[in-house]
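Only a predicted model underlies this, so the values are computations on that prediction, with no experimental measurement involved. Note that these values count all heavy atoms, side chains included, but never hydrogens, waters or copies made by symmetry. We name chains A, B, ... by the order of the sequence lines, and we start the count at 1 in each one.
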Amino acid sequence: MNGESRLAKYASLFEEIRARDIMKTPVTTLPPDKKISHAKEMMRIKRFSGLPVVDDERRLLGIITVEDIINALEFGRIDEPIQELMTRKVVAVDVDERLRDIVRKFEEFRYGRFPVVNSENVLQGIISRTDILDGVLEKFDLIYIHDRKRISALESDYSFIPGDKPSDDKADFHYSISTNDIDSAGVGAAILKQFLADRKFPADIARRAGVAVYEAEANVIIHSHSAGDIFCYLHDDMVLIRVVDKGVGIENIELAMMGGYSTASDYVRERGFGAGMGIPNMKRFVDKLAIISEKNGGTQVEMIFYLPEQRT
Amino acid sequence: MILREAARILEAEILSGEGKLDAEVTYCGAADMMSDILALCRPNQLVLTGYIYPQVIRTALISELLGLVVVRGKSIPPETVEFARQNNFLLMRTKNFMFTACGKLREAGLKGVDER
């Protein structure tokens, strides 16, 4: 399959990605009246190759790049104010611009990044090529990461928990899914929900976690042909839940993603499962979801529920 | 309306959780698949179902439903009723078919979760 048709195939998946979904915030900015030497330092420390210049209301005035800095150094203008040398004709992206149009801008203008502005030209974020890649991967990631290598290959802290994979024995909660009896699907989810409720987590989070884990647990029982585990890790700002199995993996992700598709047996359907809504349901109830699966390589579902700032 | 009123409209038999009948109900749904019940998931909602196995109680508890009404007068396994009782969960049974039961409750003012 050539690149074009592959892109077309997934186009609908990415159709709804807007600039606001993939832009990075907050943006490091510079005021127009500071010296270029200051911009140089900022770029050195932050390792950016370009920074937007904004006024007091964060309206976008221009952008200053490594190239501008080199010019300033060459012509001995390093102590002049930024506004003297910044690029004023900035190509910006609107917050609601679609991924397709953003990609086109990258191709057309060959800039490394685009500032993102709203209709009042107020800076909202910034998009680099990496953010596009991240945005696209994240879209897949919501559903599927086929290959673990892809995670480590990404320089960004792509894994939910930066650093090492959370270790199983450090989990705050563990439940073994050791049955293939569909009638006991949801037992682990119910215990986990109670566990969260007992620890005074917000009712809304306990409920959403219960529903999402229920679906994941049912998937292990119905589809994995193996035992599995539910792990829960409590953090100050979030609840991370992993539902893992060493089973057969997801063979056809495109179909599994599609609401209404299921490979469940008639018996399972009779028992009220196999509606093909497991993954779509999970997506609805989590703040962040990644499913890592390979054929015969097991399936690992990671869910994140962000906590409100203050927990009572 | 309160659940007792919904039960009256459906001429429903209360199998467990009688103490819950005075709770207020605004939203109602109907589903046979567990995933659909989970997807409806709005706390404090009544759900009509044709599903009779204990699993439906677990699903309802996780979804924090107010209660379940089994339609078409189906015979419900004792384990299901027992599981509901253990959790003091409101389980009812009506002789009405699904469509009729839905229609009656909607006519009486209950809303679907997709309605404002």
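Within a 6.0 Å sphere centred on NZ of A:K246, other residues, nucleotides and ligands contribute 12 heavy atoms or fewer. In this structure, B:E115 places its CD atom where more than 12 heavy-atom neighbours from other residues, nucleotides or ligands lie under 6.0 Å away. Residue-environment remark: CD (B:E24) exceeds the threshold of 12 foreign heavy atoms within 6.0 Å. Residue B:E82 qualifies as enclosed at atom CD: its count of foreign heavy atoms under 6.0 Å is above 12. Within a 6.0 Å sphere centred on NZ of B:K95, other residues, nucleotides and ligands contribute 12 heavy atoms or fewer.
Residue contact with chain B, scored on non-hydrogen atoms closer than 4.5 Å, involves the backbone and the side chain of A:A185 alike. For A:R207, the parts sitting under 4.5 Å from any heavy atom of chain B are the backbone and the side chain alike. Of the atoms belonging to A:V213, not a single heavy atom falls under 4.5 Å from chain B. Looking at B:T59, both its backbone and its side chain come within 4.5 Å of chain A, counting heavy atoms on both sides.
Counting heavy-atom pairs under 4.5 Å between each of B:R58, B:M34, B:E64 and chain A puts B:R58 at the top. With chain B as partner, the option from A:A203, A:S184, A:A218 having the largest number of non-hydrogen pairs under 4.5 angstrom is A:S184.
Of all the heavy atoms in B:L61 and A:K193, the pair that sits closest is O-NZ, 3.3 Å. Minimum heavy-atom separation, B:S35 to A:E215: OG-OE2, 2.8 Å.
Residue B:I37 holds its CD1 atom at 11.0 Å from CG of A:N281, rounded to the nearest 0.5 Å. How far OH of A:Y214 is from CG of B:L38: 6.0 Å, rounded to the nearest 0.5 Å.
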